[in-house]
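First comes the structure, then the notes that go with it.
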Amino acid sequence: MLNPNPLANPPLRLLTAVNRTLDPQRPHHIIKLTQREMWGAAQPSARYWYRLDAPDLKRSVQFSHRSAKCHQSVLRRPLGHWARYVAGVVAQLGDDGLNFPPFHLVVIGDEPMGPRYEFGMGLATAQMCFELADITATDAMLFHVVEQVRRDYVET
């Protein structure tokens, strides 16, 4: 029998990554992209910045809305290319007036590494931002946001 709710049974890799990175180790939100094999788990942050953990890439970064607009981490280091979609989505949706709290996000996926994986991380971030703002986003809305980020943020 098919599981009608894919969020009821997230991959073990995601749960393992959550146990290693989130504190407390229980995510408040879990998402799965409908068109891709990308998963995310998040909890609101007590700090004023965002944190992204990408266990598949063995990378982590912290950034604020302001530092993301400058393509920098909170430590004023340049954002790695792998994190630009995520930071760009946070900056874009924040500038558009979407109200969501800072969060700690863990993203995993079974997409090919490279541009497709990075784009998928952006889609997962957009979906998480909308969920944290209590807005149901369609696939078209998510794709529109991330495509705009690709044009205006990633490729600049």
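- For the pair L105 and Y50, the minimum side-chain heavy-atom distance is 4.5 Å or more.
- For the residue pair G120 and L33, the shortest heavy atom distance occurs at O-CD1, 3.6 Å.
- For the pair V107 and P55, the tightest heavy-atom approach, listed with the atom from each and the gap, is O-CD, 3.3 Å.
- Between M121 and E111 there is no side-chain heavy-atom pair separated by less than 4.5 Å.
- Considering every non-hydrogen atom in both A126 and V145, the closest pair reads CB-CG1, 4.5 Å.
- Hydrophobic clustering (ILVMFWY, side-chain heavy atoms < 4.5 Å, transitive): W49 and V86 are in distinct clusters.
- Q72 and F63 get closest at one heavy-atom pair: O-CB, 3.8 Å.
- E118 has its side chain out of reach of M113: every pair of non-hydrogen atoms, C-beta onward, lies at least 4.5 Å apart.
- With values rounded to the nearest 0.5 angstrom, Q62 atom CD is found 8.5 Å from D53 atom CG.
- With values rounded to the nearest 0.5 angstrom, T138 atom OG1 is found 10.5 Å from Q127 atom CD.
- Within a 6.0 Å sphere centred on CZ of R151, heavy atoms belonging to other residues, nucleotides or ligands number more than 12.
- Distance check: S60 OG to H104 NE2 gives 6.0 Å after rounding to the nearest 0.5 Å.
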- request: Show the numbers, then the answer: is there a side chain to side chain contact (heavy atoms under 4.5 Å, CB included) between L123 and M38?
  value: CA-CA 9 Å; L123 290 169; M38 296 294 289; over 6 Å; no

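- By the 4.5 Å heavy-atom criterion applied to side chains, W82 and D56 are not counted as neighbours.
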Could you go through residues 87-102 and list every donor-acceptor pair under 3.5 Å that involves a side-chain atom there, pairing it with any protein atom two or more places apart or in another chain?
{"from": "Q92", "atom 1": "NE2", "to": "D96", "atom 2": "OD1", "distance (Å)": "3.1"}
{"from": "Q92", "atom 1": "NE2", "to": "D96", "atom 2": "OD2", "distance (Å)": "3.2"}
{"from": "D95", "atom 1": "OD1", "to": "H65", "atom 2": "NE2", "distance (Å)": "3.0"}
{"from": "D95", "atom 1": "OD1", "to": "K69", "atom 2": "NZ", "distance (Å)": "3.2"}
{"from": "D95", "atom 1": "OD2", "to": "K69", "atom 2": "NZ", "distance (Å)": "3.0"}

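- Counting all heavy atoms, side chain and backbone alike, Y85 lies closest to R150 at OH-CG, 3.1 Å.
- Residues F143 and F119 bring their aromatic ring centres within 6.0 Å.
- With values rounded to the nearest 0.5 angstrom, W39 atom CH2 is found 8.0 Å from I108 atom CD1.
- One finds the CG atom of D139 at 14.5 Å from the NE2 atom of H144 (value rounded to the nearest 0.5 Å).
- Heavy-atom minimum distance, G109 versus Y117: N-OH, 3.4 Å.
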query: side chain to side chain contact (heavy atoms under 4.5 Å, CB included) between C129 and F103: does it pass, once the steps are laid out?
result: CA-CA 9 Å; C129 291; F103 54 82; 3.8 Å; yes

